[in-house]
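Below, chain A is the first sequence line, B the second, and so on; all start at residue 1.
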There are 2 protein chains.
Amino acid sequence: MDHRKRKPALIKKQMDFREPGKTAEKILAAARKVFAENGYSGTHMDEIAARAGVNKATLYYQIGDKDTLYANVIHQVLGNVAQDIAESVAKADNPEEKLKIYINCIASAVDENPEIPPIMMREMASGGTHLPRVVAEDMASVVTILLGILEDGTHKGIFVEKAPFLIHMMIVGTILFYKKGAPIKEKQLWLPAALKSRDKKLMGSLGDEVGRLVLRAIKK
Amino acid sequence: MDHRKRKPALIKKQMDFREPGKTAEKILAAARKVFAENGYSGTHMDEIAARAGVNKATLYYQIGDKDTLYANVIHQVLGNVAQDIAESVAKADNPEEKLKIYINCIASAVDENPEIPPIMMREMASGGTHLPRVVAEDMASVVTILLGILEDGTHKGIFVEKAPFLIHMMIVGTILFYKKGAPIKEKQLWLPAALKSRDKKLMGSLGDEVGRLVLRAIKK
DNA sequence: CATATATTTAACCATCTGGTTAAACCTTAT
DNA sequence: ATAAGGTTTAACCAGATGGTTAAATATATG
């Protein structure tokens, strides 16, 4: 099926990718890498099969087709972030702390999962048309959490009023772009040394630094 | 040639896409849209030819191959931003004003040029490996401008010291993600109404609002 | 007008790519 | 052991895709 005309991808076949060593798991792991590297249409089933060390027919026997495989990859890669954020944020009790946690959850999800930036960026680039509904809803629920934090903070007079969706894009955009951008920057040797050195001393994690910036931006 | 293995795209053939109505111009305009919609590997030469209203062979006669066409598109789309920023920023004299202009230049480039977000996002996603050298250098020069503004501001005690590259990723990431993300958000009907309404009242332009946020984030 | 040159086109082509098939190969239970 | 059902595989296929060719058509030049 043509990528552009894909229906909002349902997950036709749920894979049991939990058991490691199992064929399905090997396929999913390979698919994850290849899709992250090359995007949907840049990814070829033969390469996934090769990298997973299985025959292409096995791949089709275990999953179904490219669409389904892609949907499963996305679900596996982005699916758990939402719940994690919800749980972690609930533990804090003031908006400022909650916001820090919110940002750090996203940052560490990205850290533990280097496939998130390329996949998310490309999904955004293509208008999010092929995100499985589950994932789209997950992401919506995340923004809703932020909405709550910001509203609470504004009521309590801690935050100035700012558009929540813009803040969310700021958080996610900053983290994803930095994660993908930093390595590119390092390779460009002609860049002024000042740029490279300055960025070394991101005190603490990226999540912490973004947290500081965003808080400065919205605190009263 | 395979996308993944493309050499750092040189622009093999410079097109004269300036004269409107001319075949080359029609091709480039079509290519721009199609590449923005579907990415490099999702784009088919036949579609570009069809959308440009010319025969595919004409396309090859005028340009060369997919790679060259893509490089030309990128160059046309991203090539002029750098110079524009440099000139505009020079007009202001204090760091704060300069930073506002810096951000607004990027925001309006994106505004006037809706192909920037998808193309930039996908380029970042694939590690910027196929940016023509010219464009990569342009982008580097942009960051260098920001570096200057921030250093100046820090010296004068107006800004706190923050990693310049991170700030740049923050600006660009926020603008691009918001531009591409907002329309997606609008389509998700199940989202809490609060989210949609809140974001309507972005007072002024996106550039202004991002400018305000970033300044709050780094001003002493 | 005639000749040369630049541009466009329909028809091709080799290769790639997602997907299938039928047979071989395990694993398990009787 | 063997029948049965699940799993893997080599070989295959139809359609798509980037790219080419040689002829046809404008366009400019003498």
Peer 1: Could you state the atom-to-atom distance from CD1 of Ile27(B) to P of dT7(C) in whole Å?
Peer 2: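 Checked: the CD1 to P distance equals 12 Å.
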Peer 1: At under 4.0 Å, does any side-chain N or O of Thr58(B) touch on OP1 or OP2 of dT9(C)?
Peer 2: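 Indeed, a polar side-chain atom of Thr58(B) lies that close.
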Peer 1: May I have the distance from Ile63(A) (atom CD1) to dG19(C) (atom C1'), rounded to whole angstrom?
Peer 2: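 Taking CD1 of Ile63(A) and C1' of dG19(C), I get 13 Å after rounding.
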Peer 1: Rounded to whole Å, how long is the line connecting atom CG of Leu59(A) with atom P of dG18(C)?
Peer 2: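 Going from Leu59(A) (CG) to dG18(C) (P), I get 10 Å.
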Peer 1: Once you round it to whole Å, what is the distance between P of dG19(C) and CE of Met45(A)?
Peer 2: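 Checked: the CE to P distance equals 6 Å.
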Peer 1: Just the rounded figure in Å: distance from P of dG19(C) to OH of Tyr60(A).
Peer 2: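 So the two atoms are 4 Å apart, to the nearest Å.
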Peer 1: Identify, with sequence neighbours excluded, every residue that meets side chain to side chain donor-acceptor pair (under 3.5 Å) alongside Asp111(B).
Peer 2: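 Asp111(B): side chain to side chain donor-acceptor pair (under 3.5 Å) contacts with Lys179(B).
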Peer 1: Would you say Tyr61(A) places a side-chain N or O within less than 4.0 Å of OP1 or OP2 belonging to dT8(D)?
Peer 2: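 No, no such contact exists.
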Peer 1: Which residue pairs pass the salt bridge (charged side-chain N to carboxylate O under 4.0 Å, His left out) test when at least one of the two sits in residues 52-63 of chain B, sequence neighbours left out?
Peer 2: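 The answer is Asp46(B)-Lys56(B).
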Peer 1: Return the value, rounded to whole Å, for the distance between atom NZ of Lys66(B) and atom C1' of dA16(D).
Peer 2: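 Roughly 12 Å, once rounded to whole Å.
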Peer 1: Who passes side chain to side chain donor-acceptor pair (under 3.5 Å) against Asn113(A), sequence neighbours left out?
Peer 2: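 Asn113(A) satisfies side chain to side chain donor-acceptor pair (under 3.5 Å) with Arg32(A) once adjacent residues are dropped.
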Peer 1: OP1 or OP2 of dG6(D) less than 4.0 angstrom from a side-chain nitrogen or oxygen of Gln62(A), does that happen here?
Peer 2: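 No, no such contact exists.
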Peer 1: How many whole angstroms separate atom CG of Asp65(B) from atom P of dT17(D)?
Peer 2: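 In whole Å, dT17(D) P and Asp65(B) CG are 17 Å from each other.
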Peer 1: Atom CG of Asp46(A) and atom P of dT9(D): how far apart are they, to the nearest Å?
Peer 2: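 Those two atoms, CG and P, are 14 Å apart.
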Peer 1: OP1 or OP2 of dT7(D) sitting under 4.0 Å from any side-chain N/O of Thr23(A)?
Peer 2: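 No, because none of the side-chain N or O atoms of Thr23(A) sits under 4.0 Å from OP1 or OP2 of dT7(D).
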Peer 1: Would you please name every residue forming a side chain to side chain donor-acceptor pair (under 3.5 Å) with Asp138(B), sequence neighbours left out?
Peer 2: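 Counting only residues at least two positions away or on another chain, Asp138(B) forms no side chain to side chain donor-acceptor pair (under 3.5 Å).
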Peer 1: Supply the atom-to-atom distance Leu28(B) CG to Lys22(B) NZ, rounded to the nearest 0.5 angstrom.
Peer 2: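 So the CG of Leu28(B) and the NZ of Lys22(B) are separated by 14.5 Å.
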Peer 1: Would you compute the distance between atom CD1 of Ile149(A) and atom NE2 of His168(A) and round it to the nearest 0.5 angstrom?
Peer 2: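 Answer rounded to 0.5 Å: 10.0 Å.
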Peer 1: Report each atom pair, protein N/O against N/O of nucleotides 10-16 of chain C, whose distance is under 3.5 angstrom.
Peer 2:
residue: dA10(C); atom: OP2; partner: Asn55(B); partner atom: ND2; Å: 3.1
residue: dA10(C); atom: N7; partner: Asn55(B); partner atom: ND2; Å: 3.1

Peer 1: Output a table of donor-acceptor pairs, distance under 3.5 Å, between side-chain atoms of residues 83-92 of chain B and any protein atom two or more places apart or on a different chain; print 'none' if there are none.
Peer 2:
residue: Asp84(B); atom: OD1; partner: Ser88(B); partner atom: OG; Å: 3.4
residue: Ser88(B); atom: OG; partner: Asp84(B); partner atom: O; Å: 2.9

